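Here's the structure we're looking at; comments come further down.
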Amino acid sequence: MNDDPGDENVHVPAEYERTEVPLEFQTVHGSLEDILDAEVDRFVNKYDELVRIKDPDEDPFRSRYLACDVLAVLKKKILDLIPTVNSTETKHKATNFIGQIDFLVGIVQADVEELQSAETNLLSAIEVLQQREIDDKYMLIQAYNQLAVASVGRGNAQRSLELLQKAMLVYKEMARVCDQNEIDKLESMHTLSLFYMAQIYGQLGDTDNGAAYCEMCLSRELESGDYVGLEWVSNCTNIIEHYRIRSQFERGFTCLTEAKRVLETSLKKEDGTPKAKSDYNEEERKTVATVAVTEGRLYCAELADMEMRFRSGNPEAILPPTREPIEPSQQPPQTSTNPKYRCICTDKIYGIPARTHHSPIRKQHSLMTEDQWDHWSQVNNKKSLESPKKEATLPNARRLFRLGLAAFTTALEFFVLDGYVTDHVRIQQDLGEMYGMMVPFYNDVQTQTALLKKKVNLLEPLIRELNPDSYKSLLIDLTYSVASTFETLSDWKMDQCQQDKSDITLKILIEYTAAAIRHYRMFLAPWDQPNADFTGFNAANRTGSIRNEPLKINQLPPTNPHVDEEMVASYLTAHLCIARLFTRVPSTAVPLENYVERMKLSYQEYLFIIQYHDKMGIKDIFTKELELCRTMASLLPQKISEFHQVLLHSGQSS
């Protein structure tokens with residue numbers, strides 16, 4: 001091969017032959033002027049063709065690597081010929097093309113996660129692209145975007161933010177002089193910058209900024225029409241979830257309104273008429289249900305906030321039982337504070353969106369804009385995002401309850417137990433929580449009892465339907481929630497027994513107390529009785545599981561089971577509740593001998609709690625409760641002895 005720069009036919013080096021560069025691209029013809037006028041387009045078109053190829057899974061990046069190798073041949077030829085020309089204009093044009101080549105290679109390297117090489121090429125490209133006229137810096141914006149992606153991939157999120165801010169400055173400069181025919185392309189590229197900002201803020205833990213930039217992306221997509229309906233709705237529901245967790249209900253409902261409008265448009269036939277529900281495909285049905293879940297949880301969260309404010313202003317209000325948090329590692333997806341959003345504003349690997357048309361919804365919308373966010377962030381320190389609170393009254397609470405109930409009911413039409421176990425159970429739990437949240441707003445025990453009975457009627461049947469080998473975390477959550485609710489009902493009935501000692505009142509008290517103990521034992525079974533079929537699922541379905549023993553209500557574990565640190569407090573609290581419940585029923589309501597036995601069981605529970613706490617070296621949790629346990633463990637032996645004496649005198653003692 002002749003290495004003379006003036007040679008008309010420069011062949012590709014050996015390293016490119018190994019990557020099988022097509023024969024027609026192994027040779028570059030003509031002078032530098034000819035190459036810039038004709039060959040550049042030929043090579044870049046080949047690059048474009050190669051990067052769009054979907055390679056097999058066993059070699060997923062082959063075509064993209066090949067695209068870079070094709071451009072490397074062109075780059076080498078241009079670099080060799082630049083010293084041979086005298087024209088400043090030609091040299092400037094050639095240098096500009098070198099910057100473009102570095103840019104195209106850099107974004108492929110970023111895509112295949114060769115991040116160090118990507119940074120090198122993108123920085124080289126930026127150095128060249130910065131010299132362009134202000135109205136011709138599209139690639140510079142995209143280079144900043146891609147370099148930001150590469151930087152965050154290497155763990156430098158702060159640098160990524162700085163690069164994206166530079167991209168935004170270029171956008172603002174270009175927007176002032178951009179030709180109207182090019183504005184859609186520029187706006188789409190800026191949307192991509194905002195999307196990357198959202199992701200990086202999420203990585204930095206700044207979820208408020210992350211959600212705001214996600215919403216800006218959705219706003220711009222809605223404005224331009226550059227979106228896919230159902231995917232847009234899915235992205236929007238994730239942002240709503242963030243606002244729900246942050247109690248920013250007004251922003252959440254604003255996004256929900258937009259999501260419903262886009263969904264309504266997406267569920268129309270080609271002639272513009274609405275589809276019948278029976279004509280929805282699976283994805284459409286699931287999206288409708290997901291929006292309903294999102295809506296229901298937004299109402300549920302607002303009701304929880306209202307209930308908390310109502311109790312703070314009414315100290316005598318009865319507190320509803322709350323379900324114990326499940327293990328953090330098993331938390332459902334919807335509890336995440338990081339909004340998930342996948343940008344859909346580009347379908348070309350190197351970045352200029354093809355879909356830039358007008359929105360089929362409308363030009364005016366209510367989602368957040370950059371100007372609004374800048375104003376709220378700088379002037380009001382984000383205070384404007386705090387939702388005005390509705391007055392905590394029974395009518396307002398009932399309205400939120402009814403709206404949440406309607407939304408969850410719609411969601412359950414799709415998320416049935418047979419097929420969507422986790423989703424179905426979580427929705428039913430949310431419904432149960434809403435019934436519990438309504439309790440403080442009523443003054444009469446009859447209504448309060450009816451609300452809690454409705455809650456357990458929703459949740460208790462689910463326990464029997466779940467395989468304990470597959471849904472441990474769900475069952476932990478369900479059994480504790482049902483147990484604590486029955487315990488509250490037992491407390492109320494015990495209070496009623498002070499005035500009403502009728503047989504029916506005592507019978508209900510015994511039933512509630514027994515149900516509470518049984519469900520606390522179910523909650524404890526994974527640790528205390530690991531072989532117990534505590535839900536009855538395995539017996540009913542004959543699964544052949546190791547869980548083939550019946551649940552023993554009065555049995556303590558023979559050894560101290562290992563309980564994960566985050567669950568220890570809940571574990572000991574359940575044992576404490578059982579200890580209290582064993583002596584809940586008055587001695588006059590059951591045979592005296594039975595009452596003494598229940599006192600002994602209560603005493604054993606207190607002793608177990610104390611020795612477990614001491615032997616396992618538990619610190620900084622359960623301290624006040626432990627003091628109560630020690631007090632009761634010291635008092636009960638005397639009480640038991642006194643009742644034994646009564647039994648001896650009556651001749652009932654065995």
Side-chain angles (χ1 to χ4, degrees), residues 194-195 197-223 227 231-263 287 289-309 331-343 365-377 379-390 392 396 399-401 403-404 406-408 411 426-427 430 433-434 437:
L194 296 175
F195 163 68
M197 289 286 280
Q199 303 305 302
I200 293 167
Y201 273 122
Q203 288 199 20
L204 290 171
D206 187 346
T207 55
D208 285 334
N209 264 311
Y213 277 97
C214 282
E215 189 179 340
M216 288 178 220
C217 289
L218 293 177
S219 174
R220 293 171 64 82
E221 289 178 354
L222 192 63
E223 181 80 7
Y227 65 91
E231 191 166 1
W232 191 97
V233 172
S234 177
N235 289 329
C236 193
T237 58
N238 287 318
I239 297 173
I240 296 169
E241 178 65 14
H242 167 81
Y243 290 136
R244 179 187 72 81
I245 292 170
R246 300 287 286 170
S247 298
Q248 294 169 355
F249 304 122
E250 187 174 16
R251 289 246 49 86
F253 282 113
T254 296
C255 291
L256 179 66
T257 299
E258 296 295 343
K260 285 184 169 183
R261 287 172 176 166
V262 174
L263 181 60
T287 303
T290 300
V291 171
V293 171
T294 302
E295 181 176 11
R297 287 188 174 133
L298 202 52
Y299 285 121
C300 184
E302 190 171 12
L303 178 59
D305 178 82
M306 185 177 291
E307 178 247 349
M308 181 179 65
R309 288 186 288 111
Q331 287 286 352
Q334 65 266 16
T335 61
S336 170
T337 58
N338 289 320
K340 299 175 183 176
Y341 172 66
R342 185 166 73 84
C343 186
H365 53 78
S366 55
L367 294 185
M368 187 182 301
T369 65
E370 290 174 80
D371 290 341
Q372 286 175 321
W373 181 242
D374 288 343
H375 176 72
W376 286 338
S377 298
V379 178
N380 296 322
N381 194 25
K382 303 179 185 176
K383 292 293 183 183
S384 297
L385 284 178
E386 296 182 3
S387 304
K389 305 293 186 180
K390 296 183 179 70
N396 284 340
R399 174 183 173 274
L400 293 176
F401 176 84
L403 292 170
F408 284 136
R426 293 297 183 203
I427 294 168
D430 288 330
E433 291 302 298
M434 291 188 76
M437 291 171 198

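Just so it is clear, the structure is predicted and the values come from calculations on it, not from any experiment. Position 1 is the first residue of the sequence; numbering continues from there.
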Expected output: side-chain Asn396 to main-chain Ala392 donor-acceptor under 3.5 Å
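A pair under 3.5 Å: no.
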Please examine the side chains of [Y] and [X], heavy atoms only from C-beta on, and report whether any two atoms are closer than 4.5 Å.
X: Asp208; Y: His242; answer: yes
X: Asp305; Y: Arg309; answer: yes
X: Thr294; Y: Asn238; answer: no
X: Arg251; Y: Ile239; answer: no
X: Phe249; Y: Lys390; answer: no
X: Met434; Y: Phe408; answer: yes

Restricting to non-hydrogen atoms, name the atom on [X] and the atom on [Y] that form the minimum distance, rounded to 0.1 Å.
X: Gly210; Y: Ala198; result: O-CB, 3.5 Å
X: Val233; Y: Val262; result: CG2-CG1, 3.8 Å
X: Ile427; Y: Ala411; result: CD1-CB, 4.0 Å

Residues Thr207, Ile245; criterion side-chain contact (heavy atoms from CB on, under 4.5 Å); working and verdict
CA-CA 11 Å; Thr207 55; Ile245 292 170; over 6 Å; no
First locate atom [atom1] of [X], then atom [atom2] of [Y], and finally report the distance between them rounded to the nearest 0.5 Å.
X: Trp232; Y: Thr287; atom1: CH2; atom2: OG1; value: 13.0 Å
X: Leu256; Y: Cys236; atom1: CG; atom2: SG; value: 7.5 Å
X: Cys255; Y: Arg244; atom1: SG; atom2: CZ; value: 14.0 Å
X: Met197; Y: Asp206; atom1: CE; atom2: CG; value: 10.0 Å
X: Leu222; Y: Tyr227; atom1: CG; atom2: OH; value: 5.5 Å
X: Gln199; Y: Cys217; atom1: CD; atom2: SG; value: 8.0 Å

Strictly under 6.0 Å, is that where the ring centroids of Tyr213 and Tyr201 end up?
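Yes.
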Under 3.5 Å, is there a donor-acceptor pair linking the side chains of Glu250 and Tyr243?
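No, no side-chain donor-acceptor contact under 3.5 Å.
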Identify the residue among Arg220, Glu221, Met216 that makes a side-chain contact (heavy atoms from CB on, under 4.5 Å) with Leu218.
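Only one option passes, and that is Glu221.
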Dump the intermediate steps for side-chain contact (heavy atoms from CB on, under 4.5 Å) on Met437 and Leu400, then the final yes or no.
CA-CA 11 Å; Met437 291 171 198; Leu400 293 176; over 6 Å; no
Ion pair check, Arg426 and Asp430, cut-off under 4.0 Å:
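So Arg426 does not pair with Asp430 through a salt bridge.
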